[in-house]
Amino acid sequence: MILQSAWRSPSNIALVKYWGKHGIQLPRNPSLSFTLQESHTTMKMVVDIHATSPSLVVMYDGQPRPQFEPKIKSFFTRIHSYFPWLSKAAVTIDSVNTFPYGAGIASSASAMSAMALCLTEIDGLIHDNQNPVLPLRASFVSTIARMGSGSAARSVFPLAALWGATPSVENSSDEYAIPWNDQIDSIYKSFHDTILIISSTEKSVSSTAGHELMNDLVYADVRYSEAHKNVACLTEIMRTSDHIDAFIALCESEALQLHALMMSGPQPYILIEPNTIAVIRKLWQFRNETSIPVCFTLDAGPNVHVLYPHDYHVDVMTFIKSELQQLCSNGLFIEDCTGAGPQKIEST
Ligand code: PMV
């Protein structure tokens with residue numbers, strides 16, 4: 001029996017960062033993210049559940065990509081108890097991203113959430129489960145996505161998501177993310193994220209290794225309690241549009257803390273580049289001179305996510321093109337914003 005499913009799923013950018021994990025991608029602290037609109041993965045999965053022998057074929061944009069297979073095979077092993085049919089199935093996956101590889105956008109978040117959506121839908125077809133995958137099975141999808149890549153747990157929801165158990169948020173869980181779109185003011189529902197590509201070379205230290213290094217960091221417990229505090233603050237700040245200055249201060253503090261953690265372990269490393277700092281300095285100067293509420297965040301890499309409300313789009317883009325674009329690798333930036341979350345693609 002041949003079954004298939006196709007989904008488009010977005011990447012996300014954390015405002016309060018997940019950094020440090022245990023078990024099967026369980027977070028050491030809660031995190032809160034914006035779901036992106038333009039940066040996404042489109043994935044089609046075809047499964048023969050009665051194949052003569054199990055197999056996995058992975059393609060990117062129609063071309064074979066055997067180098068992705070080991071990671072997906074170990075993910076399938078991890079989720080075997082949820083989808084026992086996987087061990088006997090012939091699976092073909094073909095995906096494509098809207099953003100260039102190495103652009104510093106979390107492709108694992110969009111790809112692993114897309115994969116969790118496809119698997120959950122196919123599982124529903126096998127078991128004749130009539131419930132739509134989203135929103136009814138969102139917690140399950142988020143749990144599966146988390147096992148592929150922690151941050152992928154948050155990509156399942158529109159606009160904003162919160163992942164990780166924390167006393168200030170009822171129903172928060174380490175196992176899966178929860179939607180956070182209803183709790184934020186409309187100003188945050190149309191926020192822009194212009195992603196400045198400072199370097200597109202591969203990271204010298206992977207996120208997996210970075211999480212691991214938190215286990216040896218003397219500041220780790222302080223960091224985890226800061227993250228709990230910052231989630232509690234940010235959830236309050238984002239309920240209205242009145243405290244954008246506090247939003248800016250918290251986002252930038254979180255971004256720099258993430259990189260400070262990398263720089264302060266027993267095996268320190270630096271992922272930001274001179275142009276990351278140059279961008280930040282120019283952005284601070286622009287904000288001081290204009291009072292436009294624009295700020296930055298960083299992922300685990302040198303690229304800068306410039307965040308600002310929709311009303312300032314023209315002013316900020318004019319500034320980016322005249323002052324910041326020259327600091328980007330090949331002048332590259334990606335215009336993104338908060339987005340509607342995953343979309344099912346009907347088969348033709
Ligand atoms: O999901 P991972 O294991 O790639 O970790 C992502 C960690 C950060 O992107 C740096 C922060 C976050 O919360 O997304």
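When a ligand or atom number is given, it counts from 1 through the structure's own listing order.
- Taking a cut-off of under 4.0 Å to the non-hydrogen atoms of D299, the atoms of ligand 1 that pass are 8 (C), 9 (O), 10 (C).
- Protein heavy atom nearest atom 11 (C) of ligand 1, with residue, atom name and distance: Y18 O, 3.4 Å.
- Counting the atoms of ligand 1 from 1 in the order shown, those under 4.0 Å from a heavy atom of W19 are 7 (C), 10 (C).
- Contact annotation: the side chain of L26 approaches that of E175 to within less than 4.5 Å [non-hydrogen atoms, C-beta and beyond].
- The proximity of Q25 to ligand 1, defined as any non-hydrogen pair under 4.0 Å, does not occur for either the backbone or the side chain.
- Applying the 4.0 Å criterion to heavy atoms of G150 picks out, from ligand 1, the atoms 1 (O).
- Taking the six-membered ring for Trp and the full ring otherwise, the centers of Y308 and F319 sit at least 6.0 Å from each other.
- For the pair I345 and W7, the tightest heavy-atom approach, listed with the atom from each and the gap, is CD1-C, 3.8 Å.
- Considering backbone and side-chain atoms alike, S149 places an N or O below 3.5 Å from some N or O of ligand 1.
- Of the possible donor and acceptor atoms, none in the side chain of T297 sits under 3.5 Å from a partner among the backbone N and O of H305.
- Residues M238 and L32 have side chains in contact (heavy-atom distance under 4.5 Å, counting atoms from C-beta outward).
- Close approach of ligand 1 to S207 is summarised as follows: ligand atoms under 4.0 Å from at least one heavy atom of the residue are 4 (O).
- Here the protein heavy atom with the shortest distance to atom 12 (C) of ligand 1 is R154 NH2, 3.4 Å.
- Protein heavy atom closest to atom 3 (O) of ligand 1, with residue, atom name and distance, is H211 NE2, 3.1 Å.
- Distances between N or O atoms of S31 and those of ligand 1 include no value under 3.5 Å.
- Ionic pairing of R239 and E236 is present here: one or more N-O contacts between side-chain nitrogen and carboxylate oxygen are shorter than 4.0 angstrom.
- For ligand 1 and A300, the ligand atoms under 4.0 Å from any heavy atom of the residue are 10 (C).
- Regarding atom 1 (O) of ligand 1, its nearest protein heavy-atom neighbour is S151 OG, 2.7 Å.
- Side-chain contact between L134 and P342 is present, with at least one heavy-atom pair separated by less than 4.5 Å.
- A 4.5 Å side-chain heavy-atom check between Q37 and P10 finds every atom pair outside the cut-off.
- Counting heavy atoms closer than 4.0 Å to ligand 1, residue K21 contributes nothing at all.
- Every atom of ligand 1 is numbered from 1 in the order shown, and the set under 4.0 Å from a heavy atom of A14 is 12 (C), 13 (O), 14 (O).
- At a cut-off of 3.5 Å, with distance as the only test, a side-chain donor of T41 or S110 sits close to an acceptor on the other residue.
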